[in-house]
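Structure record follows, encoded as structure tokens.
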Amino acid sequence: MRGVAVWSEFLERAAQEAMVADLRDVVRAAPLFRPVTRWGKPMRVRMTSAGRFGWVSDRSGYRYEPRHPSGVAWPPIPASVLAVWEAVSGADRAPECCLVNFYDADAKMNLHQDRDEADFSQPVVSISLGDEALFRIGNAERGGSTESLWLRSGDVLVMGGPARLLHHGIDRVRAGSSTLLPDGGRINLTLRVVT
Ligand code: SIN
Ligand code: FE2
């Protein structure tokens, strides 16, 4: 879709469960937090990161930081997650950030570009776990036509090449559509090369 490679059902159920267990360790070390935009508005998703860098947003703006807001270093990216990058990215570099986004039933994410990284020749790999979400993808420029796709648990996307800077977002989450997470919700992981 628009140059985004879609790997439907890339992860089978057992692999999804193992990845969620790994992410529990990440969240224990670096708890989910709710960032605010540079205008002070709380974002709808809760976030944390693994890897050398984590993505943060606050009144100073959007950027990558080597530490969680609490001051602790981000935990390492789990091997189960790195394996997905190895399998699908086609990249010659390793990811330096795994951004973890948690969506509850009411969360969404406005259309945006991922452009806080230094090297746009490196792809972004996205992994979806838990409840289904309506993903919208547009253009490199603001505005214009968009297309939508339901992302399901275990689906993987690669935004690379001409698709690397397309606007994208999540319109809504379909609560209760997956049994993967005992308390419901959706996890999205995005793997990025930062430097
Ligand atoms: C993002 O663009 O950072 C998240 C996309 C998604 O949740 O699928
Ligand atoms: Fe994004």
Side-chain angles (χ1 to χ4, degrees), residues 1-11 16 19-20 23 26 32-37 42-51 53-57 61-64 74 77 81 84-85 88-89 95-120 122-142 146-175 177-178 180-181 184-194:
M1 190 172 67
R2 301 199 175 202
V4 177
V6 181
W7 298 69
S8 293
E9 297 174 70
F10 183 81
L11 296 171
Q16 296 172 36
M19 195 174 282
V20 170
L23 294 170
V26 168
L32 292 165
F33 57 95
R34 189 182 301 276
V36 296
T37 66
M43 295 183 67
R44 301 293 297 271
V45 298
R46 289 187 294 148
M47 294 182 177
T48 191
S49 292
F53 297 100
W55 188 87
V56 300
S57 171
Y62 307 139
R63 63 193 183 279
Y64 286 96
W74 306 103
I77 301 176
V81 177
V84 175
W85 174 274
V88 304
S89 72
E96 296 170 311
C97 173
C98 173
L99 176 62
V100 180
N101 287 153
F102 180 79
Y103 296 74
D104 62 21
D106 303 318
K108 62 194 184 80
M109 188 175 290
N110 292 333
L111 280 178
H112 66 276
Q113 291 173 296
D114 291 357
R115 53 175 315 140
D116 300 319
E117 303 75 30
D119 183 355
F120 298 139
Q122 299 293 327
V124 172
V125 170
S126 150
I127 304 171
S128 292
L129 297 166
D131 284 339
E132 300 170 7
L134 189 57
F135 179 77
R136 182 186 293 272
I137 188 140
N139 307 290
E141 302 74 34
R142 287 171 70 94
T146 63
E147 288 175 67
S148 295
L149 170 74
W150 282 97
L151 292 179
R152 298 191 171 81
S153 196
D155 289 352
V156 172
L157 299 182
V158 183
M159 297 182 65
R164 175 64 178 75
L165 287 172
L166 297 182
H167 284 78
H168 59 280
I170 294 291
D171 288 345
R172 61 194 165 93
V173 170
R174 196 182 264 159
S177 53
S178 164
L180 184 69
L181 303 174
R186 170 175 187 260
I187 297 169
N188 176 261
L189 306 178
T190 44
L191 291 159
R192 301 111 183 270
V193 176
V194 173

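Heavy-atom basis, side chains included; hydrogens, waters and symmetry copies ignored. The shown structure was predicted, so the numbers you read here are calculated from the model rather than taken from an experiment. In listed order, ligands and their atoms are each counted from 1.
The protein heavy-atom contact nearest to atom 1 (C) of ligand 1 is Met109 SD, 3.6 Å. Ranking the protein heavy atoms by distance from atom 8 (O) of ligand 1 puts Arg186 NH2, 2.9 Å first. Nearest to atom 5 (C) of ligand 1 among the protein's heavy atoms is Asn188 OD1, 3.7 Å. From the protein, the heavy atom lying nearest to atom 7 (O) of ligand 1 is Tyr103 OH, 2.5 Å. Residue, atom and distance of the protein heavy atom nearest to atom 3 (O) of ligand 1 are Asn101 OD1, 3.5 Å.
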Point to revise | Full working for side-chain hydrogen bond (donor to acceptor under 3.5 Å, both in side chains) between Thr190 and Asp114 | key: CA-CA 10 Å; Thr190 44; Asp114 291 357; 5.4 Å; no
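The closest approach between any non-hydrogen atom of Arg192 and ligand 1 is below 4.0 Å.
Here Asp171 does not pair with Lys108 in a salt bridge; the nearest charged N to carboxylate O distance is not below 4.0 Å.
Set against the non-hydrogen atoms of Ile170, the atoms of ligand 1 under 4.0 Å away are 6 (C), 7 (O), 8 (O). Residue-ligand proximity, His168 to ligand 1, at heavy-atom distances under 4.0 Å covers atoms 2 (O).
Inspection of the His167 and His112 side chains reveals no N or O donor paired with an N or O acceptor under 3.5 Å. For the residue pair Tyr62 and Arg115, no side-chain donor N or O sits within less than 3.5 Å of a side-chain acceptor on the partner. Counting only N and O atoms by type, the side chains of Glu96 and Tyr64 include no donor and acceptor under 3.5 Å apart.
Here the closest heavy-atom approach between residue Glu9 and residue Asp155 is recorded as N-OD1, 2.7 Å. For the residue pair Trp55 and Phe33, the shortest heavy atom distance occurs at O-CZ, 4.4 Å.
Within Asp114, OD1 is the N, O or S atom that lies nearest to the Fe ion (ligand 2). Summary: NE2 is the N/O/S atom of His112 found nearest to the Fe ion (ligand 2).
Among the atoms of Asp114, none of the N or O lies under 3.5 angstrom from an N or O of ligand 1. The shortest N or O to N or O distance between His112 and ligand 1 is below 3.5 Å.
More than 12 heavy atoms of other residues, nucleotides or ligands shown are found within 6.0 angstrom of CZ on Arg2.
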